[in-house]
Q: 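Quick one: the structure is below, questions incoming.
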Amino acid sequence: MSPLQLCLILSSLLFCVGLVGALARSNTILVLLGIELMLNAANLNFIAFWRYGPHPAAGTGVIFVLFTIAVAAAEAAVGIALVIAVHRHRKSVRLQEAASLKG
Amino acid sequence: MSLPVQHLWLIPALPLAAAAVGALTPRSGRTLAAGAAIATMAGAFLLACLALGGALDFPAAHQVLNFAWFDLGATSLRLGLLLDPLTAFMCVMVTFVSLLIFIFSTGYMKADANAKQFFCFLSLFAAAMLGLIIANSLLLLFVCWELVGLASYLLIGFWFHKPAAAAAAKKAFITTRIGDLGFLLGLLWLQDAQGTLLFYDGGHGILESAALANLTHLLPCGLAASTAIGLLIFCGAIGKSGQFPLHVWLPDAMEGPTPVSALIHAATMVAAGVFLIARVYPLMAADQLLANVPVHALTVVAFIGAITALMGALIAVAQNDIKRILAFSTVSQLGYMMLAIGVGSWVAAIFHLLTHAFFKALLFLGAGSVIHAAHHEQDIRRLGGLRPKMKVTFATFAIGMMALSGVPFLFSGFWSKEAILHAAHGWEVSSLPFYAAVLGVVLTAFYMTRLVAEVFYGAPRSDEASHAHENSPAMTVPLVILAACSILFSLLAWPSPWLQHQLDPSAHSESGDMSLVLPSIVLVALGLGAGWAYYGRRPRTKAESPDPLDRYAPGLMAALANRLGFDELYAATVGRLSSGFATLAAFLEVFVWDGAVRFLAGLGELSGLVSRENDEAGFNAGFDAGSKTLRDTGVAYSKAQTGDAHGYLRTLALGFVLLLILVILGGAR
Amino acid sequence: MILALIIIALVILGASAAAMLSRNLIHSALLLVVAWAGIAAFYLWAGAEFVAFAQALIYVGAVSMIVLFAVLLTRQGATAAPVEFDSWRRAVLGLMVAGGVMGVMFGAIMGSPLDGRIASPTPTITVKQLGLLLMGPYAPALLIVGVLLTVALLGAIVIAAVDKSEETP
């Protein structure tokens, strides 16, 4: 198995760990953290392809990861703010209780 | 046996391990934390002694171990360790004093619930301080410098439930940060100019002559580059060592537990500024040979030191808190050290630093012993008459007081102070610092006599003082050892200046010149006599009776007791300036920007009014019908919205799986 | 080289899996810090130093702090309430779905012809190159990210701020 495949398998495993966290836990903060892990797994892929790709000098993968990190930071800030706001209204951080948008 | 420089890192690593142990033990594990702290510090002391032995074999050599920390592209940041006599002497002093103070703390903090945390912080401090001393890179030194600042912050605010302690911790942290900003700028400038921050690197380090020659060019403002960098670095030392005008934090730092005051704010950390300037002395002195510059870096250092020495001694005369008196005395003594460096004798400064560390730690621990015995009564007007009750404390405190005052021949403080006075006398730029130092000697003897007379003589003036009794051996034994050191250390200076010679082998020996000894004895006697005449002969009887000096110059004494109003001055200038800026910003916000926004909003509202009329008449009717259809569709679709976020995510993932299967199958076809 | 990668991978996966399974939210957050630090180590391994430092600063330094704050602000009582798996049905469904995702991704990776690229040396990209890229071809994206971060900051404040009228009913 080549190192690139190892990296990709690492990232997909990490993605699935995050997915399990997001799907199986009921605490909204943990769900958010699972999503953060999934984003990180995507970043691992960018770096792996940059590292083994044909044009590492272009730096595209690195630049993309920098932007992803910025977006992920914004996402974490807004997400956590939402969790706090929901908690203030419902006194709960369980995701399934925030279901007022039910049709 | 000696410790090679490759293993020097063990000295700070040991207390760091103790700090880790302290951090990981539960709150009940105070014995474990204290034991780890004391055991590792004893180990570090032994290692430091070995290192000293190794360093004294080659006093002129700077043994270094440099290594790359990390590479960032093409630049590489390198750190290093350094072993020379200066480092080795400081290591021995810091580990020894720390060891004794740790032992003292086991007695002093016996009743405190957070004692385990206390030992953790103390160990962290010791590790950072030792790292600072052995650093061969200005960057590593700066990192450790900030770490000791952090430890100092944590320990001043150790009793953070007292508002005064929390405020003092904040004040100390912020005030030293002001100086550190200068230090950081100087460091960046130096890195930019030299490409390295190593002190000694086989001819390429920043303190070696090849690099120093790069910095002799003049800047547009007329200063030499090395002067500007040196003064920026000196800013850090001003902050850390409590020099004028950033001395205001040091007296307030006495809100911390007394062992902290002894270790950090008297013996070691505040001396780090002096150590720093002594370490970068070649850089500070690089501009000495330039004749066409307006000011030399060392001249500034000397005048700052002289001002601090005199001002600290003056303010100490009028303080009433036993720890505040010692704090201002520390400020004053640090001023002496800076003065010594400024007049070109960094060796005398380090000599005084070492002797001062011992007797000032002794004085603070003695004060701690008194405070502990008198149930945290710190006001000397309410103490008194402790001499018969606390014989060991009194005897050791008196030895410390005589060492600080510079009582001749037997006490170490005399010799180091003599070296500084001698250096200041021989300075050709100006004689003002010398006279300031001479005046400071008299004042030092005076206020120390006052302190001892008020605390130990006369009658007890409060319940706390009358019920005081001697403390446990954990507290008195360190006092006795430190007192012995305060006396024995004078042997290093007598009869030949052995220590000076080890520190700087190139300096010519000036031991033969004893011309200043006689005047200086007279000065000390004057101070002691005046102090005894005012305070010792007729001891105060009641806590409320006024100070004898108040009768002669009430205005001056009030100003001094108020610490010459520096705190008020800073609150009125720096504090008011920043709140002024805030008010201005608030004004702009409320009236200018807000007004503009309101105007735009008004415009929008107006156009909204106009268009609403159009809307209601024209479009709404047709739109309502369309909306109804949309609403019905929406209701139908909204059945799919279960409100279950997990469900959405699950569906998303399943969709992804399906998509990928399709792609794989499609690719196979 | 490969050994280092495997060790890093084990640290990342172990810490993140433990974080997702832990019943104590504080432990979860701290374990995630370990996982994020492992990811930074992976970036270092791959030669992307700057990204590694950015990861360490933003995730290990900043995001973990926000998470800890959120955990502390949303605690129900004085003690740290353990977070139970309250629905086994959902947990099993989640595991199954994640297993499916893993299966197709694994198949895709193993089925792709990736073996040709093995022998390339570790590429390096200096901070200067990155800076030129960010200020040159990617300058519009950088500006947009700046705006995005500002909006996110303001949005987070607005969402989390206490409504005055709500506090005094």
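We name chains A, B, ... by the order of the sequence lines, and we start the count at 1 in each one. All heavy atoms count here, side chains included; hydrogens, waters and symmetry mates do not.
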Q: With a 4.5 Å cut-off on heavy-atom pairs, point out which of A:Ser12, A:Ala41, A:Ala48 contacts chain C the most.
A: A:Ser12
Q: Counting C-beta onward and ignoring hydrogens, is there a side-chain heavy-atom pair between A:Ile47 and C:Phe42 closer than 4.5 Å?
A: yes
Q: For C:Leu73, is it the side chain, the backbone, both or neither that has a heavy atom under 4.5 Å from a heavy atom of chain A?
A: both
Q: Under 4.5 Å between any side-chain heavy atoms of C:Tyr138 and A:Thr60, yes or no?
A: yes
Q: Do you know which two heavy atoms are closest between A:Ala77 and C:Ala156, and how far apart they sit?
A: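 The answer is O-CB, 3.9 Å.
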Q: Can you list everything that forms a side-chain hydrogen bond (donor to acceptor under 3.5 Å, both in side chains) with C:Ser28? Sequence neighbours excluded, please.
A: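 Once residues adjacent in sequence are excluded, C:Ser28 has no partner under the side-chain hydrogen bond (donor to acceptor under 3.5 Å, both in side chains) criterion.
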Q: What's the separation between atom CZ in A:Arg25 and atom CE in C:Met20, rounded to the nearest 0.5 Å?
A: 8.0 Å
Q: Which value, rounded to the nearest 0.5 Å, describes the distance between A:Arg51 atom CZ and C:Tyr43 atom OH?
A: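 If I round to the nearest 0.5 Å, the distance is 15.0 Å.
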Q: Look at C:Ile109, C:Ile12, C:Leu134, C:Ile6 and state which one has the largest set of heavy-atom pairs under 4.5 Å with chain A.
A: C:Ile109
Q: Checking heavy atoms, do the side chain of C:Ile66, its backbone, both or neither come under 4.5 Å from chain A?
A: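 Backbone plus side chain of C:Ile66, per the 4.5 Å heavy-atom cut-off to chain A.
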Q: Could you report the tightest heavy-atom contact between A:Cys7 and C:Leu5, atom names first, then the distance?
A: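 Closest heavy-atom pair between A:Cys7 and C:Leu5: SG-CD2, 4.0 Å.
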Q: Please classify the contact of C:Val71 with chain A as side chain, backbone, both or neither, using a heavy-atom distance under 4.5 Å.
A: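 Both backbone and side chain of C:Val71 come within 4.5 Å of chain A.
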Q: Minimum heavy-atom separation for C:Ala141 and A:Phe67, please, with both atom names.
A: CB-CZ, 3.6 Å
Q: Given a strict heavy-atom distance threshold of 4.5 Å, which part of C:Ala62 is in contact with chain A: side chain, backbone, both, or neither?
A: neither
Q: Shortest non-hydrogen contact from C:Gln55 to A:Asn40?
A: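 So the minimum-distance heavy-atom pair works out to NE2-OD1, 3.4 Å.
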Q: Between C:Gly155, C:Ala46, C:Ala9, who has the most heavy-atom pairs with chain A when the cutoff is under 4.5 Å?
A: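 Maximum pair count with chain A is reached by C:Ala46.
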Q: So which residue, C:Ile157, C:Leu153, C:Leu133, C:Leu93, ends up with the most heavy-atom pairs under 4.5 Å with chain A?
A: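 Counting heavy-atom pairs under 4.5 Å, the top option is C:Leu133.
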Q: Using 0.5 Å steps for rounding, measure from the OG1 atom of C:Thr74 to the CD1 atom of A:Ile29.
A: 3.5 Å
Q: Given that the side chain runs from C-beta out, which part of C:Ile144 has a heavy atom under 4.5 Å from chain A: side chain, backbone, both or neither?
A: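 C:Ile144 has no heavy atom closer than 4.5 Å to chain A.
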Q: Among A:Val71, A:Leu19, A:Leu32, which residue forms the greatest number of heavy-atom pairs with chain C at distances under 4.5 Å?
A: A:Leu19
Q: Relative to chain A, which of C:Ser16, C:Pro137, C:Gly47, C:Ala54 shows the most heavy atom pairs under 4.5 Å?
A: C:Ser16
Q: Rounded to the nearest 0.5 Å, what separation is found between the CG atom of A:Leu10 and the CD1 atom of C:Ile8?
A: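 Those atoms lie 9.0 Å apart.
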Q: Which one of C:Val158, C:Val151, C:Leu95, C:Leu142 has the most heavy-atom pairs closer than 4.5 Å to chain A?
A: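 Option with the greatest count: C:Leu142.
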Q: Among the options C:Ala35, C:Ala48, C:Ala29, pick out the one with the most heavy-atom pairs lying under 4.5 Å from chain A.
A: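 Maximum pair count with chain A is reached by C:Ala48.
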Q: CD1 of A:Ile69 to CD1 of C:Ile58: how many Å apart, nearest 0.5 Å?
A: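 One finds 5.5 Å between CD1 of A:Ile69 and CD1 of C:Ile58.
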Q: For chain C, which of A:Val20, A:Leu13, A:Val65, A:Ile84 has the most heavy-atom pairs under 4.5 Å?
A: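 With the most close heavy-atom pairs to chain C, the winner is A:Leu13.
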Q: If you measure from OH on C:Tyr59 to CD on A:Glu36, what distance do you get to the nearest 0.5 Å?
A: 4.5 Å
Q: For the residue pair C:Arg90 and A:Leu23, establish whether any side-chain heavy-atom pair is separated by less than 4.5 Å.
A: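 When only atoms from C-beta onward are counted, A:Leu23 and C:Arg90 do not touch, as no gap falls below 4.5 Å.
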Q: Tell me the closest heavy-atom pair linking C:Ala19 and A:Leu30, and the distance in Å.
A: O-CD2, 4.1 Å
Q: Which atoms of A:Val62 are under 4.5 Å from chain C, going by heavy atoms: the side chain, the backbone, both sets, or neither?
A: both
Q: Do A:Leu66 and C:Phe50 come within less than 4.5 Å of each other through their side chains, counting heavy atoms only?
A: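 Contact flag for A:Leu66/C:Phe50 side chains = yes.
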Q: Does any heavy atom of chain C fall under 4.5 Å from the side chain of A:Val86, the backbone, both, or neither of them?
A: neither
Q: Only one of C:Val63, C:Val67, C:Leu25 passes side chain to side chain contact (heavy atoms under 4.5 Å, CB included) with A:Leu33; say which it is.
A: C:Val67
Q: How about CE on C:Met96, more than 12 heavy atoms from neighbouring residues, nucleotides or ligands closer than 6.0 Å, or not?
A: no
Q: Heavy-atom distance under 4.5 Å to chain C: side chain of A:Ala58, backbone, both or neither?
A: backbone
Q: Any non-hydrogen side-chain atom of C:Met105 less than 4.5 Å from a side-chain atom of A:Leu8?
A: no
Q: Over all heavy atoms of both residues, which pair between A:Arg88 and C:Ala161 is shortest? Give the atoms and the distance, please.
A: NH1-O, 3.4 Å
